[in-house]
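Data first, discussion second: the structure below is written as structure tokens.
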Amino acid sequence: MAFSVPRNVPSFSNPQRKLEDQLWASSGMSSRSTTRGSALLHNVQDRVENLLEGGGRLPMYKDKPYTYAASRRMRPLWRRRRVMAFLGVVLLLAVMYYNGAFSREREGRASVWSWKSLTEAPRGRVDWEKRREHVARAFEQSWDAYERYAWGYDEYHPVSKGRRNMAPKGLGWIIIDSLDTMMIMNQTERLSHAREWLQNTLTWDQDQDVNTFETTIRMLGGLLSAHYLSTEFPNMAPVAKDAGGEDLYLEKAKDLADRLMVAFDSDSGIPFASVNLGTLQPIPSHADNGASSTAETATLQLEFKYLAKLTGEKFYWDKVEKVIKVIDDNGAEDGLVPIYIYPDSGKFKGRNVRLGSRGDSYYEYLIKQYLQTNKAEPIYEEMWDQALEGVRRHLITYTEPSGFTIIAERPEGLDAPLSPKMDHLVCFMPGTIALAATGGLPLSEARKLATWSRKDEEDIKLAAELTHTCWATYKYMATGLAAEITHFNVGKPPLSEGAAHPTPPSVLSSSDADAPWRADFIVKPADVHNLQRPETVESLFYMWRITGDVKYREWGWEMFMSFMEHTAVEGGGFTSLTNANKVPPVTRDNMESFWLAETLKYFYLLFSPDDLLPLDKVVFNTEAHPLPRFEMGRLFSTGWERKPRDRFGRIIKKEEVSAEDKPSKEGE
Ligand code: DMJ
């Protein structure tokens, strides 16, 4: 716990931040205002009770019209004064309520902020500060509805106002995933309530199977990020630490991590898909012959490594580091890994390669591990570079007739036909490519570095093209909200990366039904759902920070307004959609926890000043939880080396090592 991370994240001296703090202070939304508000309420109630005969309870408003009219004629003046005084107090209370004096009552404040107001853009010249305030309002609407109808439950269904737990006592799925977003948005009062829940209700000691990956990225990542922000930036949504103590988040994180560790108890070290938190049993996947998803096994590293750094417990580090060694020892061709891997043998299952579900964050965590330790583990940069090269060689192609750049799939292996489709999930990739190219620096600064290369420049170009495609998948849909999966028209055979192709139009509109660019896209009826996913706005955020091109903010604003217009539920927050290609859309009646953890956070950061969580100082885990970069120190090491491999990335057998860069026979 002695570890201290660099104090280099949000700039509290930033004028916009000051403005925001004043705004929050004046709105009474602080923990102190709660106390002040309640004291005021009690004083007023005391005075009212003294005014009433017998000091009884306040009469209900609906009782008044009858009694008031009669009493006015019959009662003496002194009694009418009391009535007048009472009405005055009621009026005062109402005004105070709307002005936010009683902050606990304000938890359910849909009456103050209506989602309808969020469909109206702030008027006048573009003011990003106002736009980001709009995002904060959307967060409040979502959170307040959850708090009102499903507090403490793991699922919230905004249309039916239903709720459900994923474990007997709940896992805090929504609350924990939202902690750092509330800190970043300065939601002090809401955060206090969440913290109370963690302190008083949350327990991991439950006989419940949970998915290793999901629980790590959302719960462990959420708690560690909350620990990081609350300890290093105590002015960020400051809440009283007396209940639960300063290490509440870290203690809950460590307890959870210790339970998740059993996932690594396989013969190979590849984690099992699930664990039982109470009985501490590892559980292989019930499907896929017991194989785990490759991405799921390789997307635990940022969280466990940061926990190792915080606690000084080396075994967290070593367990997750070993996973990558076992994966890499398979010698995947061109660094592109099949999407399943067996925990017992450590060998891949099948040949399906894609950057969508089950493949995606394997690649994301390669480059982010390299950045997390301030570039002290070059093995991960090498693996990332190799994989990106593989993506260019095997997966990038262009659509017809307009020439959008896409990352396709190879379901039967790299030498079998390409499948021209992209999960929404793939849209994390453009932002991650840009992040890898500059290391998080703005492009203008990165270009001045001696290490800047033509390849970096090409990577930025590829990132820009892919971001444009991801944005187009939103514009293609009737609601302006992307489908879960988009298919594309490509040539026969599909063009290779770098081949001549048309430039797609830069201006795209959701309402331009006959535009020629639409012919490039196909959305199948089974894929028209929109799950409030974050990947495209995530990439817009990285692209804005890195390139400074304001078009990324503008696209983000259009997307945000589409969410406001088509996913709002009166009084219920925001829902995912079953059909986003229809206006009005068909609702799905579910709010994903990543709506609060990721999608709204990335919108908020996209419209924020660049020094709020600078990209060269933090790494966001795959659930958008910011963690610090840090020095590895002497306690931790990579501890393994890549096996020698040929130019296709395949392992060279011992006897072949001396033959320099000689491709193996099977690679010819
Ligand atoms: C999130 O849980 C994470 O972003 C994960 O990496 C992918 N799926 C969802 C969001 O789409």
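Both ligands and their constituent atoms are indexed starting at 1 by order of listing.
When hydrogens are left out, the protein atom nearest atom 2 (O) of ligand 1 is Glu623 OE1, 2.6 Å; that is the closest non-hydrogen contact. The nearest protein atom to atom 10 (C) of ligand 1, hydrogens excluded, is given as Glu535 OE2, 3.2 Å; this is a heavy-atom distance. Annotation: atom 7 (C) of ligand 1 to nearest protein heavy atom, Leu425 CD2, 3.7 Å.
Each of the following atoms of ligand 1 lies closer than 4.0 Å to a heavy atom of Ile217: 2 (O).
In summary, Asp318 and Lys322 do not engage in a salt bridge, as defined by a charged side-chain N under 4.0 Å from a carboxylate O. Looking at Glu484 and Lys524, no side-chain N of the basic residue comes within less than 4.0 Å of a carboxylate O on the acidic one, giving no salt bridge. A salt bridge is defined here as a Lys NZ or Arg NE, NH1 or NH2 lying under 4.0 Å from an Asp or Glu carboxylate O, and Arg629 with Asp616 fails to meet this definition.
Of the listed options Thr622, Thr599, Thr299, Thr622 places a heavy atom closest to atom 3 (C) of ligand 1.
Under the 4.5 Å side-chain criterion, counting only non-hydrogen atoms from C-beta, Ser576 is not in contact with Thr567. Using a 4.5 Å heavy-atom threshold, the side chains of Ile546 and Leu615 count as touching. A 4.5 Å side-chain heavy-atom check between Leu600 and Phe139 finds at least one atom pair inside the cut-off.
Distances between N or O atoms of Asp360 and those of ligand 1 include no value under 3.5 Å.
Using a 4.0 Å cut-off between heavy atoms, His424 makes no contact with ligand 1 at all.
Within 6.0 Å of atom OH in Tyr153, 12 or fewer heavy atoms from other residues, nucleotides or ligands are found, so the atom counts as exposed in its surroundings.
The shortest heavy-atom distance from Arg218 to ligand 1 is under 4.0 Å. Within the 4.0 Å heavy-atom shell around ligand 1 one does not find Leu531. Ligand 1 is approached by Pro534 to a heavy-atom distance shorter than 4.0 Å.
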